[in-house]
Amino acid sequence: MAQANPPATHALPSYLQADHLGPWGNYLKQVDRVTPYLGHLARWVETLKRPKRILIVDVPIHMDDGSVSHFEGYRVQHNTSRGPGKGGVRFHQDVTLSEVMALSAWMSVKNAAVNVPYGGAKGGIRVDPRKLSLGELERVTRRYTSEIGIIIGPNKDIPAPDVNTNEQTMAWMMDTYSMNEGATATGVVTGKPVILGGSLGRREATGRGVFTIGMEAAQRIGMDIRGARIAVQGFGNVGGIAARLFAEAGARIVAVQDHGGTICREAGLDVPALLEHVRLNGSVAGFAAAETMADDAFWSVPCEILIPAALESQITAVNAGQIAARMVIEGANGPTTPEADDILHERNVLVLPDVIANAGGVTVSYFEWVQDFSSFFWSEDEINARLVRIMKDAFAAIWQVAEENKVSLRTATFIVACKRILQARELRGLYP
Ligand code: NAD
């Protein structure tokens with residue numbers, strides 16, 4: 001006699017559950033908050049709680065000393081209902097599957113929020129790149145690319161830079177994928193060097209988006225950027241560029257923290273000089289024209305704007321009460337836990353969420369991908385103008401949804417984005 005199917009269950013596999021602490025749990029709580037606003041589309045919400053595809057790969061390489069080392073790599077495609085997967089690749093010693101899953105999901109939300117035709121994906125390798133030689137780094141990158149080559153491609157999933165990866169990493173990834181394909185495939189990654197089909201303005205795009213959204217919000221709450229004090233955590237691609245643009249607009253960058261330490265200057269740091277110091281020394285630590293402060297004291301620095309632009313889960317229930325800023329602009333992905341979000345909300349601190357505030361990078365990545373397909377390249381002015389227009393329009397729509405529903409900007413962004421994703425899911429239907 002045929003066995004009956006086991007009863008249908010919505011129980012999630014253990015690694016997908018919310019009480020599994022970490023960034024994925026935070027993401028699931030954010031989805032739960034938005035579900036009541038999804039109307040009839042809520043019946044599809046389970047789609048958002050399960051990544052479509054998870055690939056874990058072993059990355060063995062020859063080290064310079066002749067030994068062999070193994071690293072763990074991930075590529076997660078959270079959702080592809082609206083288009084190919086899209087999202088960065090992170091090299092960090094603390095990368096976990098939970099983190100990469102959450103980052104891939106936030107990419108789905110972000111891409112839908114700015115309405116670029118992508119799903120969400122993310123990748124990472126559990127490695128401290130500072131401990132590898134350039135040759136070892138290249139071998140790790142190439143072997144990882146080859147391992148995930150079975151699921152990436154210009155029409156399938158398009159990686160980009162993230163923490164500790166850059167244009168050179170993308171050049172190696174593009175070359176490795178192309179060698180395996182037997183043809184140069186520039187569109188397989190974005191954030192490439194301009195000479196290899198990269199886009200003008202891509203390097204600055206995320207920071208420019210942070211700045212654009214910050215200016216839009218400041219204008220709406222009547223905050224004058226000239227003279228405004230800003231504290232920035234993370235002084236890499238995102239934090240460094242955002243700080244530069246705000247300083248150029250007349251703001252004072254009063255404190256900066258990175259992995260090496262925390263520095264401050266009440267009168268405002270000389271941002272170009274600090275960028276040069278970091279380029280030469282790898283960290284803000286030791287910058288002569290500043291004072292050093294305790295890392296913990298960073299969160300209570302008096303300022304109008306706080307920009308977390310390093311890693312996730314930095315603003316927590318422990319330090320959210322100390323934050324003295326009027327506005328938090330999330331340059332990093334997932335820097336604020338849901339508990340901290342509530343505390344900031346109660347304290348009337350306006351949070352500009354990652355899923356819109358740092359969407360400038362993927363927006364120009366989209367331009368890069370379009371340019372690669374058409375082999376026709378645009379001017380930097382054209383790119384920046386298109387970027388600013390998309391960011392401003394998306395932010396205006398989200399602001400309106402927040403006001404209409406009396407919800408936070410994060411929930412409003414999730415409402416706009418999740419509706420787009422689930423509408424696509426519903427229209428496509430289920431196969432078979
Ligand atoms: P990056 O590698 O260029 O810079 C990371 C910065 O964070 C460095 O200054 C580093 O010193 C600092 N940092 C690392 N660990 C820290 C710690 N424990 N405490 C304080 N500072 C620490 O990376 P990035 O590209 O600027 O990315 C930063 C954040 O922005 C990440 O959350 C990333 O996902 C997000 N993001 C990046 C892009 C992009 O286009 N690069 C786009 C969207 C979002």
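Throughout, residue positions are numbered sequentially from 1 according to the sequence presented. Note that ligands are numbered from 1 as they come in the structure, with each ligand's atoms numbered from 1 the same way.
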Checklist outcome for this item: Applying side chain to side chain contact (heavy atoms under 4.5 Å, CB included) to Val116 and not counting sequence neighbours gives Asn111, Val114, Tyr118, Tyr366
Next on the checklist: With a 4.0 Å heavy-atom cut-off, what residues sit around ligand 1?
Outcome noted: Arg90, Asp162, Val163, Asn164, Arg202, Thr206, Gln233, Gly234, Phe235, Gly236, Asn237, Val238, Asp258, His259, Ala309, Ala310, Leu311, Gly331, Ala332, Asn333, Asn358
Checklist entry - What salt bridge (Lys or Arg N to Asp or Glu O under 4.0 Å) pairs are there with at least one residue in residues 287-304, not counting sequence neighbours? => result Arg229-Glu304
Checklist entry - Between Tyr27 and Trp106, how do the two ring planes meet: parallel, tilted or perpendicular, split at 30° and 60°? => result perpendicular
Next on the checklist: Rounded at 0.5 Å granularity, tell me how far CD in Glu138 sits from CG in Asp175.
Outcome noted: 8.0 Å
Item to check | Side-chain donor/acceptor of Asn237 to backbone N/O of Arg203, under 3.5 Å | outcome: yes
Item to check | ring pair (Phe, Tyr, Trp, His ring centres under 6.0 Å) contacts in which one or both residues fall within residues 242-278, not counting sequence neighbours | outcome: Phe211-Phe246, His277-Phe287
